[in-house]
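One-based numbering along the sequence shown.
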Amino acid sequence: MKLKKMMAMLLAGATCAGMLAGCGSSGDNNAAGSAASGAGSGENGTMTLIMSSRDEFLSTLEAAALAAAEDAGVKLTSQDAQNDSAKQIQYIETAVNGGDIAVIVNPVDSDAAQSLVDAAGETPIVFVNRPPSDMSVLSAENVGFCGSDEDTSGYYQGEYLAEYFKSQGKTDIKYILLQGELGQVSQIKRCAGVKQALEDNGIKAEAVVELAGKYDRAEAMNKISPVLTSGEEFDCIISNNDAMALGAIEACEAANVDPSSFPIVGIDCTKDGAAAVKEGKLAMTVYQNPTGQGKGAVEAALNLSNGKPANDGTEFVTDDSGEDYSDSIVWIPFEPVTADNVADYL
């Protein structure tokens, strides 16, 4: 757990604008145009990190990137695009015109990855956390990606639920699904992964309802509250991230429903998510390592700026898919978190 321990020190010493509670892959925003600069000397160049927004998870990623850039002698400026794709393009163009050696982007719209690559031109660009919908974008020599393999995140949820229900002698269940931003790679793969794992493990799962919670705690609470009071029976609540799972827990408590009486599962293992697992309100979550993603993205950007493959010399996981863009990917593994190991993540 070296990276998680290192993050505690980083956050104690690094100022991260817009640190908000709750979310994993999307969330509340700061004032438009806000920026944070690292203390890097700039002796090895300048970079710009362009966030889609800032929430607990992304702010942790941002702090790690700023710290990694400082260690590398790179001055990193962070911009918040306020979930505006057009702003991300503008920030990229400004970075390129300013002579940055690379840009790192947490894309607002994964489908628009090619337009971000086009805006960067010959300047190296690294996507972080959210991969392009079309991974062939990474085939260009100056494009990279650092993040976690979403094919595994939801699958961990499904494996946990399958084991839980089999221990109760159940093979047929009904679930409520809280989805993130519809159409995003993470939303699509997290939903597909949990369903596939249930099927693979002999569980026949039927949706009571699938709700678009937009990765947001309050949105999820508002969406699920009417379902909880409708009298509809269900066996579990599946959430694409911790923030929505926590919103579901709050909704349950407001409706006098004990959230520990059935499994609620999340993804990201945020601080609040881990605390909920410890308290027994959240059955499990899946740790997505924001520190590793921020650090790995800076390292990948430096590699590309020096004419090397994005994953050259990485301490993380390389891609073994055999695709022509495999060298452009740095994987930061997901890790399942339950009551048995949550102490390692607090």
Donor-acceptor pair, distance only, cut-off 3.5 Å: does the side chain of [X] make one with the backbone of [Y]?
X: Asp100; Y: Val103; result: no
X: Ser225; Y: Asn222; result: no
X: Asp327; Y: Asp312; result: no
X: Tyr215; Y: Gln187; result: yes
X: Asn44; Y: Val74; result: no
X: Asn142; Y: Thr123; result: yes
X: Asn241; Y: Ile267; result: no
X: Ser110; Y: Pro131; result: yes

Nearest heavy atoms of [X] and [Y], plus distance in Å:
X: Val265; Y: Ala283; value: CG1-CB, 4.4 Å
X: Ser133; Y: Asp111; value: OG-OD1, 2.5 Å
X: Gln157; Y: Gly266; value: NE2-O, 3.1 Å
X: Ser305; Y: Leu302; value: OG-O, 2.8 Å
X: Leu178; Y: Met244; value: O-CE, 3.3 Å
X: Ser53; Y: Asp80; value: CA-OD1, 3.3 Å

Hey, what do you get for [atom1] ([X]) to [atom2] ([Y]), rounding to the nearest 0.5 Å?
X: Ile50; Y: Lys87; atom1: CD1; atom2: NZ; value: 12.5 Å
X: Phe316; Y: Ser148; atom1: CZ; atom2: OG; value: 10.0 Å
X: Leu198; Y: Cys236; atom1: CG; atom2: SG; value: 7.0 Å
X: Ile249; Y: Glu279; atom1: CD1; atom2: CD; value: 8.5 Å
X: Cys146; Y: Asn106; atom1: SG; atom2: CG; value: 11.5 Å
X: Tyr156; Y: Leu161; atom1: OH; atom2: CG; value: 15.0 Å

Of the options [options], which is the one that meets [X] in a side-chain contact (heavy atoms from CB on, under 4.5 Å)?
X: Ile125; options: Val143, Val137, Asp118; answer: Val143
X: Val105; options: Ile89, Val126, Ile92; answer: Ile92
X: Gln293; options: Leu58, Ile332, Thr60; answer: Ile332

(request) Inspect the contact between Asp235 and Lys174 and indicate whether a charged nitrogen and a carboxylate oxygen are less than 4.0 angstrom apart. (result)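 Result for this pair is no, no salt bridge flagged.
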(request) Report the residues that fulfil ring-ring contact (aromatic ring centres under 6.0 Å, His included) with Phe262, sequence neighbours left out, ordered by chain and then residue number. (result)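 Only Phe234 meet the ring-ring contact (aromatic ring centres under 6.0 Å, His included) criterion with Phe262.
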For the hydrophobic clusters of this structure (ILVMFWY residues joined by side-chain heavy atoms under 4.5 Å, transitively), does one cluster hold both [X] and [Y]?
X: Tyr160; Y: Ile238; result: yes
X: Val185; Y: Leu138; result: no
X: Phe145; Y: Ile188; result: no
X: Val117; Y: Tyr91; result: yes
X: Val209; Y: Leu182; result: no

Flag the pair [X] / [Y] as yes when at least one side-chain heavy-atom distance between them is below 4.5 Å, and no otherwise.
X: Ile101; Y: Met47; value: yes
X: Val194; Y: Tyr175; value: no
X: Met135; Y: Ile329; value: yes
X: Tyr164; Y: Lys170; value: no
X: Ser78; Y: Arg54; value: yes
X: Cys191; Y: Gln179; value: yes

(message) Run Lys166 and Ile203 through side chain to side chain contact (heavy atoms under 4.5 Å, CB included) and show every step you take.
(response) CA-CA 8 Å; Lys166 282 183 176 180; Ile203 302 294; 4.1 Å; yes
(request) Give me the one residue out of Asp268, Thr270, Asp242 that meets side-chain hydrogen bond (donor to acceptor under 3.5 Å, both in side chains) with Gln288. (result)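 That would be Asp268; it is the only one of Asp268, Thr270, Asp242 passing the side-chain hydrogen bond (donor to acceptor under 3.5 Å, both in side chains) with Gln288.
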Side chains of [Y] and [X]: any donor to acceptor distance under 3.5 Å?
X: Glu299; Y: Asn303; result: no
X: Gln88; Y: Ser85; result: no
X: Asp319; Y: Tyr325; result: no
X: Ser139; Y: Asp324; result: yes

(request) With sequence neighbours left out, write down each residue that passes salt bridge (Lys or Arg N to Asp or Glu O under 4.0 Å) with Glu210, or none if nothing qualifies. (result)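 For Glu210, the residues satisfying salt bridge (Lys or Arg N to Asp or Glu O under 4.0 Å) (neighbours in sequence not counted) are Lys195.
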Can you establish whether the number of heavy atoms outside [X] located under 6.0 Å from its atom [atom1] is more than 12?
X: Glu163; atom1: CD; answer: no
X: Gln196; atom1: CD; answer: yes
X: Gln168; atom1: CD; answer: yes
X: Lys308; atom1: NZ; answer: no

(request) Kindly indicate, with the supporting measurements, whether the criterion side chain to side chain contact (heavy atoms under 4.5 Å, CB included) is fulfilled by Asp272 and Arg217. (result) CA-CA 11 Å; Asp272 289 345; Arg217 188 170 183 161; 3.5 Å; yes
(message) Quick one, Leu49 with Glu62, criterion side chain to side chain contact (heavy atoms under 4.5 Å, CB included). Give me CA distance, side-chain angles, the key distance, then yes/no.
(response) CA-CA 8 Å; Leu49 168 65; Glu62 179 184 45; 4.0 Å; yes
(request) Could you walk me through whether Glu150 and Ser153 pass the side-chain hydrogen bond (donor to acceptor under 3.5 Å, both in side chains) test, one step at a time? (result) CA-CA 5 Å; Glu150 293 291 0; Ser153 55; 2.8 Å; yes
(request) Decide side chain to side chain contact (heavy atoms under 4.5 Å, CB included) for Ser239 and Ile264; before the verdict, give the C-alpha distance in whole Å, the side-chain angles of both, and the deciding distance to 0.1 Å. (result) CA-CA 8 Å; Ser239 175; Ile264 301 175; 5.6 Å; no
